[in-house]
Structure formats: structure tokens, C-alpha cells
2 protein chains.
Amino acid sequence: MDRRQSILLAAEKSFAMFGYKATTVDQIAKIANVGKGTIYTFFSNKEELFYEIVNGLVKEMRHIAAEAFQEERPFYEKLHMALTGVLELRRTHQLAVKLSQELREYNTSPVKEALKTLEMTILTFVSNELEKAVEKGEVKPVRTDVASFLMMKMYLALIFDWEENHDPLNENEMAEVLETFVMNGIGK
Amino acid sequence: MDRRQSILLAAEKSFAMFGYKATTVDQIAKIANVGKGTIYTFFSNKEELFYEIVNGLVKEMRHIAAEAFQEERPFYEKLHMALTGVLELRRTHQLAVKLSQELREYNTSPVKEALKTLEMTILTFVSNELEKAVEKGEVKPVRTDVASFLMMKMYLALIFDWEENHDPLNENEMAEVLETFVMNGIGK
DNA sequence: AAATGACCATTTTGGTCATTTGGTCATTTC
DNA sequence: GAAATGACCAAATGACCAAAATGGTCATTT
């Protein structure tokens with residue numbers, strides 16, 4: 001079996017199980033059935049290997065978002081599908097979950113980078129799509145960078161923070177209030 | 001001078017300078033020119049004393065928000081003034097700033113509580129005012145709990161997180177995009 | 001009756017040192 | 001001879017422990 005591939009698989013498994021800090025290169029080598037040195041012929045160090053793994057997640061997210069925006073629908077429906085899809089992955093994917101926990105607990109610096117990358121990926125994607133929508137005249141002209149930032153923050157807040165202090169919302173309740181703020185506002 | 005008062009003053013100064021963890025009861029006593037035991041005749045322990053101080057901040061915030069909402073203006077203008085005012089205090093008040101730093105660095109648990117209280121205070125206030133506005137017919141009917149949560153999160157995000165990865169916005173740029181999302185949405 | 005600080009149990013700190021870790025490279029393998 | 005390996009090393013980590021500091025109490029003082 002492809003050695004590089006089995007290293008990546010082993011690393012993904014270990015990072016997802018134990019996080020970045022608690023994963024040792026030795027361990028990855030063991031799981032991958034590979035000498036430790038071999039890892040360093042494919043990756044220059046542990047951190048690079050880690051980013052390679054994270055990059056997989058990034059691609060997965062972009063894929064989900066891209067699929068949502070590919071459909072023939074109103075802008076907001078596509079946006080909603082993309083953001084909920086991407087953030088649901090972010091919320092359930094074992095690696096992503098483990099990394100969030102590690103960040104809270106240890107502030108591991110490469111993990112911070114990684115999660116920031118994930119967020120930036122989503123943001124960039126949304127920002128581009130919003131720009132297209134503005135150009136097509138589907139939505140009002142707005143500062144797309146700020147607007148997409150706010151939209152993502154709203155989704156993040158409802159999906160990740162709401163339940164901290166409130167009873168859970170069902171999908172419809174969430175969708176409804178988000179649509180209000182994004183598309184119509186609460187003004188009369 | 002009133003002993004209780006001078007203890008509170010000393011505590012506020014010390015918490016604001018060094019944070020909760022790094023402030024010792026001995027130190028407070030020294031600054032207040034008071035025996036350590038005296039502190040325990042007024043406050044049952046360090047934590048309670050701390051909450052007393054935090055409560056001061058809470059009151060200050062409520063005052064700022066209440067003043068904003070007292071004016072005779074459209075709902076959104078009052079909301080904007082209240083939130084920017086309150087969050088500006090939160091962003092500049094030495095104690096609040098120090099506590100945020102302490103939370104990031106040490107996750108000190110009473111500090112976490114305290115900052116959560118601050119956030120809850122703002123949220124409750126906004127929620128109540130929004131409810132009034134809905135009843136008066138000034139804004140659309142919405143789930144006020146979720147709506148106020150989202151509005152606060154938007155303001156928090158723009159005021160505290162935006163500059164992490166972007167060039168600063170001036171007041172007008174901020175106000176403009178926030179008004180769009182709160183009152184009008186980006187839909188045509 | 002109110003204030004105090006010496007006192008105590010518990011926690012935190014600072015420093016040491018054995019163990020572990022990321023990374024290298026001389027040797028082995030195919 | 002190119003690729004793989006694991007023994008090896010310097011650096012980082014964390015278990016350990018003595019010493020210091022801390023929150024809180026209470027017998028004594030004011």
C-alpha cells in the first residue's frame with residue numbers, strides 16, 4: 001500500500017483521536033506500519049503533516065459549499081444550505097471537534113492556526129458568492145467582506161453558542177430568524 | 001472612611017490591575033489599609049467580593065443602555081446607541097479588559113462566570129427593549145430571544161473580532177452594515 | 001462589638017531530573 | 001542505489017517535591 005497515503009490515514013486517525021499535541025510521530029509511524037524516518041521523507045515535520053490533514057477538511061468544506069451554490073435557486077437558499085452544511089461538518093467531524101476541544105483546553109498554537117484556516121475558508125467562499133450575487137443584482141449592493149463576515153458570525157453563533165444558555169432551536173426556527181436578519185431585517 | 005467602601009475600592013483597583021487570580025486577599029487588605037480579617041466581616045469570601053465588584057460594572061452597563069433607550073427616537077437608533085455604548089465600555093473599561101485577558105490566558109472560572117454575567121445582562125436588556133418595540137409595532141414580530149441574541153452577536157463580532165483579520169472599520173461603515181442587517185436585510 | 005493579624009490547612013510555585021519527543025542520519029533492505 | 005528504517009541525540013516535557021504563598025479562621029486586642 002502507498003506509504004504516503006497510509007501515513008496520512010494514520011495521522012488523521014491519531015489527530016482525530018488524541019489531538020495534535022498528544023499525537024506523537026512515533027505513534028503515527030506505528031499505526032501506519034512505517035518507520036519513523038519514513039514520515040520525514042514525505043513531510044518535513046509534524047506540523048506540515050498536520051496541515052496536510054487539515055487541508056483535507058478544508059477541501060471537504062469547499063466541496064460542500066460549492067455543491068450548495070451550484071444549484072439553481074435564490075441566493076439565500078443557497079447560502080443557507082452552504083453555511084448549515086459546512087458548519088454541520090465543522091460541528092460533527094471528529095477531527096474538527098477534537099481540535100476545538102484542544103484549543104479550549106491547551107491553546108495549542110498550530111491548532112489555533114488550523115481552525116482559523118477553516119473559518120477563513122468559509123468566509124472567503126461566502127464572500128465570493130455574495131459578490132457574484134451582488135453583481136447579478138440578486139441582492140442589494142453591500143460591502144461584501146463585512147456582510148459575509150456578519151452572516152457567518154450569525155450562523156456560527158446560532159449553531160455553536162445558542163445552546164450554551166438556551167433551549168435548542170429546531171431547524172425551522174433557526175432558518176426563519178436567520179432569513180429574517182439576512183434578507184429582510186426586522187424593520188417594517 | 002467607610003471600611004466596606006475602601007475595601008471595595010481597593011479590590012476593584014487590584015482586580016483591574018492584576019486580575020482575579022493574581023489578586024490576593026492580603027493585598028486588598030494592604031491597599032485598603034485594613035486587617036485581612038475585616039474583609040471577611042463584610043464579604044464571605046474572595047469570590048463574593050469579586051462578584052460585588054463585577055456587579056458595579058453590570059450596573060454601569062445597564063445605566064448606559066437605559067439612557068440610550070430613554071431617548072425619543074426610532075428603535076434602531078436607540079438599539080445602536082445602547083449596544084455601541086455598552087460594548088465600548090466593555091472594550092475599554094480596565095477591569096473588563098483585564099478579565100478578558102485572564103479568561104483567555106488562564107480560563108479562571110469565576111472570571112468566566114463574571115463575563116458571562118456581563119453578556120447576559122446586555123442580552124436581557126436588549127431582549128426586553130426589543131419586546132417592547134415589537135408590542136408597539138415598531139418592528140416586525142420576531143422571536144425576541146433569538147433576535148436579540150443575534151443582534152448582540154453581530155455587534156460583538158464587529159467590535160471585537162473584525163480587527164483580528166481585517167483592517168479597522170470606521171464608525172459609519174460599521175453602523176451602516178449593522179443597520180442593513182438588523183433593519184433591512186440584503187434582500188431586494 | 002468591631003477590628004486585627006498570627007495561625008493553619010491547602011494550594012501554588014520553582015527547580016530538578018528522569019523520561020519522552022521531534023527530528024537526523026548511518027545502516028539496512030529490496 | 002534509492003527508499004526505508006530505527007538507534008540515536010538535543011530539546012522539550014512533566015512527574016516530583018520542598019518551600020513559599022494563599023484563603024480563610026479565630027483568639028486576642030482595641
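Within every chain, numbering begins at 1; the chains are lettered A, B, ... in the order of the sequence lines, protein sequences first and strands thereafter. Note that these values count all heavy atoms, side chains included, but never hydrogens, waters or copies made by symmetry.
- To the nearest angstrom, C1' of D:dA4 lies 14 Å from CG of A:Asp2.
- Note that A:Lys132 lies outside the cation-pi zone of A:Phe75, set by a 6.0 Å cut-off to the ring centre and a 45° limit from the axis.
- If you measure from atom CZ of A:Arg4 to atom P of D:dA2, you get 21 Å, rounded to the nearest angstrom.
- When rounded to the nearest whole Å, the span between CD of B:Glu48 and C1' of D:dG24 equals 14 Å.
- Atom P of nucleotide D:dG6 and atom CD of A:Gln27 are separated by 17 Å, given to the nearest angstrom.
- For the pair A:Asp26 CG and D:dT5 P, the interatomic distance rounds to 13 Å; values are reported in whole Å.
- Remark: A:Glu105 does not engage A:Lys21 in a salt bridge, criterion side-chain N to carboxylate O under 4.0 Å.
- Searching all strands for a Watson-Crick or G-U wobble partner of D:dG23 with both distances below 3.5 Å returns C:dC8.
- Which of C:dA3, D:dG23, D:dT5 sits closest to the side chain of A:Thr41 comes down to D:dT5.
- Between A:Leu49 atom CG and C:dG23 atom P there is a gap of 10 Å when expressed in whole angstrom units.
- We find that CZ of A:Phe43 is positioned 16 Å from C1' of C:dG22, with the value rounded to whole Å.
- Taking CG of B:Asn165 as the reference point, atom CG of A:Leu123 lies at 8.5 Å (rounded to 0.5 Å).
- To the nearest angstrom, P of D:dG24 lies 14 Å from CD1 of B:Ile7.
- Both A:Lys21 and B:Thr23 lie close to DNA chain D; mapped to their nearest nucleotides by heavy-atom distance, the more 5′-ward contact belongs to A:Lys21.
- Looking at B:Arg143 and B:Asp145, a side-chain N of the basic residue comes within less than 4.0 Å of a carboxylate O on the acidic one, giving a salt bridge.
- A:Thr38 comes within 4.0 angstrom of a nucleotide base, judged by non-hydrogen atoms across all strands.
- Between A:Lys36 and B:Val34, it is B:Val34 whose nearest contact on DNA chain C lies nearer the 5' terminus.
- Judged by atom type and distance alone, A:Lys46 does not reach the base of C:dG23 through any side-chain donor-acceptor pair under 3.5 Å.
- For B:Arg3, a side-chain nitrogen or oxygen approaches OP1 or OP2 of C:dA3 to under 4.0 Å.
- Side-chain contact check for A:Lys30 and A:Gln27: no donor-acceptor pair (N or O, by modelled atom type) lies under 3.5 Å.
- Checking B:Gly35 against A:Tyr40, the closest nucleotide of DNA chain C that is more toward the 5' end is the one next to B:Gly35.
- D:dT29: Watson-Crick or G-U partner is C:dA2, with both key distances under 3.5 Å.
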